[in-house]
Structure formats: C-alpha cells, structure tokens
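What follows is a short report on a single structure.
The sequence lines fix the lettering, A, B, ..., with proteins before strands; numbering per chain opens at 1.
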Number of protein chains: 2
Amino acid sequence: MAATKTRPPRPAPAAFDSLEQEAYLQLWRTYDRLRELDERVFQRHGITAQQYNALRILKSVRPGALSTSAVGARLVSRAADMTRLLDKLEEQGLVARKRCEENRRVVYVSITAAGVAVVGRLAADVKRLGKHQLGHLDRRTLRTLIDILSKAREPHEDPAMAAAWPGSSHRKQSTKSEE
Amino acid sequence: MAATKTRPPRPAPAAFDSLEQEAYLQLWRTYDRLRELDERVFQRHGITAQQYNALRILKSVRPGALSTSAVGARLVSRAADMTRLLDKLEEQGLVARKRCEENRRVVYVSITAAGVAVVGRLAADVKRLGKHQLGHLDRRTLRTLIDILSKAREPHEDPAMAAAWPGSSHRKQSTKSEE
DNA sequence: GGAAGTTAGTCGTTCAAACGATTATTGTTC
DNA sequence: GAACAATAATCGTTTGAACGACTAACTTCC
C-alpha cells in the first residue's frame with residue numbers, strides 16, 4: 001500500500017474527463033474558497049450570507065414589502081425553506097411580517113429599522129470583503145468573468161426569473177471590449 | 001405596503017456595491033444553478049457529489065491507498081469531517097479502510113471493486129452532465145473561464161495545496177490565446 | 001524513560017439544508 | 001354553492017455540514 005509521502009513526484013491528482021468538467025470543478029473550488037472568507041465575515045455579525053442577502057433585497061424595496069416567495073425568488077441561491085430563514089430574521093427583529101388583506105394566503109415581509117441598521121453596520125466589512133476576495137483582478141478581467149458566468153448559467157436559468165436576476169441581459173454584453 | 005405586482009416596470013433588484021461583489025454573486029449564482037443539475041444526477045445513484053469526488057480521487061490512485069486526511073485535502077470542497085463521509089462509503093462497501101502498521105495513527109482508504117463499478121456506472125451520466133451544464137460554451141471560452149477562476153482563487157489557496165490542486169499553474173496559462 | 005507537545009482520526013452536539021406532507025386560502029367548474 | 005384543483009406558506013423529519021472536544025499514537029526533549 002503506497003502512502004502519501006512515498007509519491008512526491010506527482011502532485012497532479014485525477015485528470016479531468018472533459019474541459020466542461022474541469023470548468024465546473026474549478027467553479028466549485030473557487031466558490032468554496034471565496035465562500036470561506038465570506039462566511040467568516042458574516043459570522044462575526046451573527047448572520048449567514050443567505051440571511052444578509054435577504055436583508056439586502058428587502059432593503060432595496062424599502063419601505064415597501066415583498067411576499068415570502070418573492071424574496072426567495074430573488075435570492076442568490078435557491079432556498080427551499082423561506083419560512084425558517086425569515087423566522088430567524090424575525091426573531092432578531094430585523095424583519096417584520098404582515099398578512100396581506102386582499103389575499104390572505106400571502107405574507108408580506110419588510111425590513112425593520114434594526115434590520116437596516118445591521119446592513120449598514122455590515123456595509124464597510126462587505127466592501128472590504130469584496131476587495132479581499134477579488135480585488136487582485138483588474139476591472140476588465142472581472143467584467144469578462146461576469147460575462148462568461150452569465151452565459152454559463154443562461155440556459156439553466158428560469159426564463160421568468162432571468163430578468164429579475166441581474167445578469168448579462170440588461171447591460172451591453174461583450175466578451176472582449178470596453179471599460 | 002406595496003405589493004410585488006404593483007411595481008412591474010423595475011425588474012432589476014438591488015444594485016451591487018462594487019464590481020467585485022457583483023462578480024462574487026454571479027459566481028455564487030452560477031455555481032448554485034449548475035450544482036442543482038449536478039445533485040440530481042448523483043442522487044439517482046444514491047450518492048452525493050462530494051462522495052463521488054472522493055471515489056474519483058481514490059480510483060485515480062488505485063490500487064494504492066490514501067490516508068484519510070490526504071483524501072480530504074484533495075477534495076474539491078473543503079470537508080470538515082472526512083470520517084463520516086468515508087463511513088457512508090464504507091457502509092455501502094465502496095471503500096475499504098485499513099490501519100497503517102508503521103504509523104498506527106493513520107488510516108489508509110482505498111476504493112473497492114464495487115466502488116470502481118459505481119464510478120464506472122456513473123461515467124456516462126457524468127459526461128453527459130458536463131455537456132449539459134457547460135456544453136454551450138466553446139472551448140476558448142471555457143479555457144478563459146478556467147484561467148480566470150484559477151487566478152481568482154490563487155491568493156486564497158493554501159500554498160501547500162496549490163500544487164496538489166489542478167489549476168492554472170501546471171499548464172501554459174494565458175488569458176487570451178491558444179486553442 | 002517519562003512528561004509535554006503534535007498529529008491523525010473519531011465522536012458529540014448543534015445548526016442549517018432537503019424533501020415531503022400539511023394547512024389555509026383562493027380560484028374553477030359543474 | 002359544493003366539490004375539486006391550485007397556490008402560499010408552514011411544519012415534520014431526515015440528512016449532511018460545522019465546530020469543538022476528545023482519544024490514541026507518535027515525537028521531542030530534558
């Protein structure tokens with residue numbers, strides 16, 4: 001049985017089956033590395049990245065409100081269970097819920113003053129986080145990355161949601177130009 | 001309280017604070033969309049993507065073995081708890097564990113014939129998955145994506161692991177050329 | 001050669017995600 | 001207008017991830 005230490009001359013692990021697979025694994029790996037930094041920051045404020053996202057969305061429509069499912073649809077990552085995510089935010093007093101009168105099935109959610117305060121307190125850290133994560137890439141490279149990523153997920157994006165989610169669609173897209 | 005339906009003329013949600021943040025959120029979103037397809041495939045075979053990855057790594061060193069931590073270090077996503085991940089694979093008879101004689105602290109893990117069979121059975125699906133996920137991007141774009149992603153995580157990659165993980169390092173890197 | 005410190009792996013517990021079933025309300029249809 | 005289907009949200013339960021504490025085995029250093 002060969003041990004790890006007994007084979008120093010081969011650092012490269014399993015080869016990839018295809019270029020597509022390599023790209024996906026690179027994507028996964030990169031996301032994982034960046035996410036670690038992400039979580040560390042939000043954790044210091046007693047919140048998760050996903051929760052922050054919900055707050056960010058609600059803050060953007062303030063003082064308006066969104067239905068539970070509307071918040072879920074706009075989240076970066078699909079969240080199966082909005083109820084419990086919002087439960088936690090409500091427990092902390094960061095959001096408020098209110099049943100709709102016309103359609104008593106839907107529940108409107110809005111951000112509270114305390115919620116706005118939390119987002120504000122996080123703002124500086126989030127900005128610094130971004131620089132730390134990807135600040136070493138120049139703007140042109142970042143735009144290329146954004147553009148390719150948008151193209152990559154385009155076929156897998158729900159058409160109804162594609163517009164609601166900021167991607168390549170509503171900006172002059174091009175893989176190679178402008179600054 | 002404004003409802004969702006009462007503001008149709010603005011599909012764009014919260015603006016991004018910075019280009020770096022936008023890139024990260026795009027990365028997150030794209031990963032999430034692609035991962036959904038991923039999980040669906042592996043689920044049909046009663047396995048998780050992370051488990052498949054472990055099997056893939058072990059298959060690549062067959063008939064050799066790796067220590068528990070060595071497997072963990074090569075995984076795409078950092079896994080806090082190798083023990084339980086391997087427990088599940090062992091329960092299914094896909095891997096075998098064996099204590100090292102010289103150093104009785106380490107446990108060697110190797111893939112079994114059944115494990116190889118499972119990976120083999122998955123091969124076709126995985127290949128099709130890759131095409132489905134990113135097959136609509138041409139090779140040049142895929143290479144650019146891989147290259148930028150490698151650069152993106154480079155500063156956040158543990159130097160010791162950077163070589164062990166396939167990235168831009170061991171291939172002629174360039175943002176703009178060759179095919 | 002025995003105490004202190006390191007390393008590899010395991011286990012306990014807590015927390016969030018995943019999946020499905022369930023309730024409450026509304027819309028449809030005969 | 002009563003039965004049926006559709007929709008919004010919630011809840012139950014199972015599973016995996018996260019974090020830390022813990023044990024066993026080796027190393028080091030007086």
(message) Within the 4.0 Å heavy-atom criterion, would you say A:Thr68 contacts the bases, only the backbone, or no part of the nucleic acid?
(response) sugar-phosphate
Using residues 115-122 of chain B as the side-chain source, report each donor-acceptor pair under 3.5 Å to any protein atom, sequence neighbours left out, with the distance given to one decimal.
none

(message) Restricting to side-chain contact (heavy atoms from CB on, under 4.5 Å), what partner residues turn up for A:Thr68, sequence neighbours left out?
(response) A:Met82, A:Leu86, A:Val107, A:Val109
(message) Under the rule for salt bridge (Lys or Arg N to Asp or Glu O under 4.0 Å), what residues qualify as partners of B:Arg35, not counting sequence neighbours?
(response) B:Glu39
(message) Run the salt bridge (Lys or Arg N to Asp or Glu O under 4.0 Å) test against B:Asp32 and tell me which residues pass, sequence neighbours left out.
(response) A:Arg78
(message) If the cut-off is 4.0 Å, is A:Ser69 near the phosphate of D:dT7, judged by side-chain N/O to OP1 or OP2?
(response) no
(message) Less than 4.0 angstrom between a side-chain N/O of A:Arg97 and OP1 or OP2 of D:dT10, yes or no?
(response) yes
(message) Would a single hydrophobic cluster contain both B:Val41 and A:Tyr24, if residues Ile, Leu, Val, Met, Phe, Trp and Tyr are joined by side-chain heavy-atom contacts under 4.5 Å?
(response) no
Name the pairs: protein N/O against N/O of nucleotides 17-25 of chain D, kept only if under 3.5 Å.
{"residue": "D:dC19", "atom": "OP1", "partner": "A:Gln43", "partner atom": "OE1", "Å": "3.1"}

(message) Per the salt bridge (Lys or Arg N to Asp or Glu O under 4.0 Å) rule, what does the pair list look like for residues 99-109 of chain B, sequence neighbours excluded?
(response) none
(message) Please report the distance, rounded to the nearest Å, between CZ in B:Arg44 and P in C:dC19.
(response) 14 Å
(message) Return whichever of B:Glu101 or A:Leu86 has its heavy-atom-nearest nucleotide of DNA chain D closer to the 5' end.
(response) A:Leu86
